[in-house]
Amino acid sequence: MKNRELADVFSQMADLMEILDEDPFRVASYRKVGRVLEELTDAIEDIAAAGRLETLGGIGKSTAAKIAQFLATGRVQAHQELLGKVPSGVAAMLEIPGLGPKTAAKLWRQGGITTVEQLKIALASPEKLAGVPGMGAKKARQLLESMAFLDRSAGRALLGEASALAESLVQAIEAAKGAQRVVIAGSLRRGKETIGDIDLLCQAPAKAAGGIIQAFTRAPAVRRVLAAGETKGSVTLEGGMQADLRVVDKKSLGAAWMYFTGSKDHNVALRDWALRKKLKLNEYGLFRGRRAVAGASEDEVYAALGLKFIAPELREDRGEIAAAAEGKLPRLLSPKDIRGDMHMHTTASDGRNSLEEMIEACRARGYAYMVIADHSQSQVQARGLDAKRLRQQVQVIRRLAAACKDIWVMTGIEVDIFKDGSLDFPPDVLAELDFVTASPHSALSQDSAGATRRLIRAIEHPCVHCIGHPSGRLLNARPGMELDIQAVAEAAAANRVALEINADPHRLDLRDLHVRAAVEAGATLVINTDSHSVDSLLLMRYGVMTARRGWAEPKDVLNTCTGAELKKWLAKRR
DNA sequence: GCCGTTTTCGGCCCGACTGTTTTCAGTCG
C-alpha cells in the first residue's frame with residue numbers, strides 16, 4: 001500500500017505551495033487530496049489499476065495523473081519541483097504552533113533562516129530578526145515555548161487521558177458564577193482515537209463571560225494561559241495539552257456546539273450545504289439574511305437545514321451529510337445496547353483481579369454474560385496458561401458459573417496467532433471452551449500480505465469465534481500490521497467469525513475506518529474491553545464510540561445480543 | 001485543482017484573538 005506515502009506527498013505539496021504564496025484554493029484542494037488518500041481503506045494501487053481514481057471525491061484529472069506518475073516512477077514531478085524551490089527546513093517550521101506559512105516565508109526570504117535549528121538560535125537573540133516584520137520580542141518568546149513543547153511531547157493524547165482532563169475542567173467551569181451549562185466539543189466529543197486539544201463550551205449570559213474565562217484559566221490542571229479574551233480562553237495543561245473554552249449565549253449554544261465539535265471538514269461541507277439553500281451558518285446560528293432561523297440546539301439547526309440529526313461521531317465528512325439528507329443514516333448503537341464483555345483477564349495470567357472479582361464486577365454492570373479470556377502459553381511474560389492450567393481454570397469457572405443465576409459466565413481464552421496463522425493450542429484444547437478469541441501479539445511488523453494471510457488462516461480455523469485486536473497496534477507507540485481489511489472482513493463474514501473492536505484507549509483496534517469496511521463487508525463485530533482489572537471494564541464506552549465512528553448498528557455487534565441470541569449464534573458457528 | 005438542484009466558468013466557510021500593524025496580517029480552529 002502506497003496510500004500513506006502518497007498522502008504525505010500531497011500534504012507536503014500543499015505546505016510548499018502555501019509558503020510560495022500560491023492560490024489558496026489550489027492549496028486547499030491539494031490538502032484535501034492528502035486527507036482522502038490517508039483515509040482510504042483500499043490500496044491506491046488497486047483503485048488506480050481499476051481506473052477508479054477520479055471517482056474519489058476531490059481527485060480530478062490532474063491529481064489522477066500525479067498519482068499514476070507516482071505509482072509508475074515513485075515520484076511526482078511537480079512535488080520534486082516544489083522541493084527544489086523551498087529549503088526543506090523552511091517547510092519543517094510549519095510544525096511549530098503559532099508559525100504559519102507566511103511567517104516561514106518571511107523568515108526564509110527576509111531573515112535568511114532555512115532550518116528549525118537556525119530559527120531557535122535566532123529567536124534566542126531577537127535582534128537578529130530585526131529585518132523580519134512582525135517578529136517582536138513577545139512573538140519570539142511564544143515561538144520558543146512552542147518549540148520546547150514540541151521537543152517534550154509526543155503530540156496527541158489518548159482518548160481516555162483527554163476525557164479525564166476534560167471532565168476536571170468542566171467541573172472547574174461549572175463552579176464559576178453565571179455558568180449555566182458546560183459541554184465538551186471537539187474531537188473528544190467525536191470520539192476520535194487521539195486528541196490534539198480539548199474544546200469546551202459554556203452557556204452563560206454575556207456579562208458573566210469574563211469571569212468564566214478567568215475561572216477556566218485558574219483551573220487546577222492549567223499550567224499556562226495562552227489567551228484570555230472576552231468570550232474565548234486558551235490554556236496549556238499539565239502534560240502539555242491545550243484546552244480552549246468559548247462562552248456562548250443560550251440562543252447560540254446549538255450552533256456553537258456544532259461549530260466547535262467539527263470536524264473542520266464536516267463544517268465546511270455543512271456551510272456549503274447551507275449556502276446552496278441560501279442560508280448562512282456560523283457559530284452564532286443559522287441565518288437567512290440577517291434573520292436567525294435556528295441556533296439554540298443542534299437538532300434545530302440540522303432540521304432547518306433539511307437534515308436528520310447527525311451524531312458527533314459521524315461528523316467527519318465521510319458521506320454523513322448526504323445520508324442525513326436522504327434519511328439513510330445508520331441507527332447507531334449506544335453503550336446501553338451492550339449486554340456483555342467477551343474478553344477479560346484474571347490473576348491466572350496478567351490480570352490484577354481474581355476470577356470472582358471479575359464476575360462480581362460484570363454482574364454489577366448488569367451484563368447478561370461475560371467471557372474469561374486469559375493469555376495462552378506462549379505469552380510467557382504474561383504468565384500465559386498451558387493446557388493443564390487452562391483445564392483447571394475451566395473447572396473453577398464452571399463451578400462458579402453454576403452458582404451464578406443472573407449472569408452467564410463463559411469459559412474462553414485469548415489464544416496467540418503465530419506469524420504463520422497457526423494457533424498456540426491444538427483444536428482439541430480449544431474445542432473444550434465456550435468462546436475462543438485469537439489475537440496477534442508478536443511479529444507485528446510483518447508485511448501487509450503476510451499479515452492478511454495470517455489473520456485469514458486464523459479466521460478459517462474451526463474453533464475460533466473472534467479475532468482480538470486484529471492489527472495489534474498501540475496508539476502513539478507502534479503502528480501495528482497494515483491489513484487488507486477488505487479481505488479480512490470478507491473472510492470473517494464468510495466464516496461467521498467476529499472481529500473485535502478492542503475498547504482499550506491504547507488500542508481502539510479495529511479502528512473506525514476498519515469498522516466501517518467490516519460493516520460494509522457484512523462481518524460481525526464484538527466490542528470488548530480486554531480488561532486486566534475491574535476498573536477497566538468501564539472503558540467499554542470508547543469501543544462503542546469507535547463502533548459508532550464506523551457507522552455500526554446494534555445488529556452488527558455480537559455483544560448487543562441477548563443471552564438466548566448469543567447461544568444460537570454459538571450453536572450455528574460449530 | 002475541483003466541481004455543478006444556479007454553473008463546464010467562476011466560485012470555493014468564517015470569526016476570535018494576538019501582536020505590533022497605527023488600521024491589520026497571521027494563525028487557528
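Basis for what follows: all heavy atoms, side chains included, without hydrogens, waters or symmetry-related copies. A note on names: the letters A, B, ... follow the listed sequences, proteins ahead of strands, and every chain is numbered from 1.
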[atom1] spacing across the pair [N] / [M], given as an integer number of angstrom:
N: dT27(B); M: dT20(B); atom1: C1'; result: 15 Å
N: dG10(B); M: dA16(B); atom1: C1'; result: 30 Å
N: dG11(B); M: dT6(B); atom1: P; result: 16 Å
N: dG29(B); M: dC13(B); atom1: C1'; result: 12 Å
N: dG19(B); M: dT23(B); atom1: C1'; result: 14 Å
N: dT7(B); M: dC12(B); atom1: P; result: 16 Å

Could you tell me whether [X] contacts a base, only the sugar-phosphate backbone, or nothing, with contacts defined as non-hydrogen atoms closer than 4.0 Å?
X: Gly57(A); result: sugar-phosphate
X: Thr231(A); result: sugar-phosphate
X: Asn267(A); result: nothing

Would you check if the side chain of [X] reaches a backbone N or O of [Y] as a donor-acceptor pair within less than 3.5 Å?
X: Lys139(A); Y: Gly98(A); value: yes
X: Gln69(A); Y: Gln77(A); value: yes
X: Asp337(A); Y: Ser334(A); value: yes

Under 3.5 Å, is there a donor on one side chain and an acceptor on the other for His79(A) and Gln12(A)?
yes

Test item: side-chain donor near acceptor, Glu490(A) and Gln486(A), under 3.5 Å
no

Any side-chain N or O of Ser62(A) below 4.0 angstrom from OP1/OP2 of dG1(B)?
yes

In residues 21-54 of chain A, what residues come within less than 4.0 Å of DNA chain B, judged by heavy atoms?
Asp23(A), Phe25(A), Arg26(A), Ser29(A), Tyr30(A)

Check ring pair (Phe, Tyr, Trp, His ring centres under 6.0 Å) between His469(A) and all other residues, then give those that pass, not counting sequence neighbours.
His441(A)

With a 3.5 angstrom cut-off on both distances, give the Watson-Crick or G-U wobble partner of dT8(B), or none if there isn't one.
none

Please determine whether salt bridge (charged side-chain N to carboxylate O under 4.0 Å, His left out) holds for the pair Arg318(A) and Asp512(A), giving the CA-CA distance in whole Å, both sets of side-chain angles, and the decisive distance to 0.1 Å.
CA-CA 12 Å; Arg318(A) 294 173 182 165; Asp512(A) 54 1; 3.4 Å; yes

Would you mind writing out the side-chain donor-acceptor pairs for residues 170-181 of chain A within the sub-3.5 Å range, not counting sequence neighbours?
from, atom 1, to, atom 2, distance (Å)
Gln180(A), OE1, Gln203(A), NE2, 3.0

Within 6.0 angstrom of Lys106(A) NZ, more than 12 heavy atoms from elsewhere
yes

Nucleotide by nucleotide, 5' to 3', does protein get under 4.0 Å of the base (B), only the sugar-phosphate (S), or neither (-) in nucleotides 18-29 of chain B, counting heavy atoms?
SSS-----SSSB

For nucleotides 4-11 of chain B, 5' to 3', base contacts (B), sugar-phosphate-only contacts (S) and non-contacts (-) with protein non-hydrogen atoms under 4.0 Å give --B-----

Please tell me if the side chains of Leu510(A) and Ser471(A) come closer than 4.5 Å, counting only heavy atoms from C-beta onward.
no

For a quick test of your reading: what N or O donor-acceptor pairs under 3.5 Å do the side chains of residues 234-242 of chain A make, sequence neighbours left out?
from, atom 1, to, atom 2, distance (Å)
Ser234(A), OG, Asp244(A), OD1, 2.4
Gln242(A), NE2, Asp244(A), OD1, 3.2

Nucleotide dC14(B), atom P - distance to CG of Leu270(A) in whole Å:
12 Å

Please report the distance, rounded to the nearest Å, between CH2 in Trp273(A) and C1' in dC12(B).
18 Å

Which is it for His506(A) and Leu158(A) under the side chain to side chain contact (heavy atoms under 4.5 Å, CB included) test, yes or no, and what are the steps along the way?
CA-CA 7 Å; His506(A) 292 92; Leu158(A) 301 183; 3.2 Å; yes

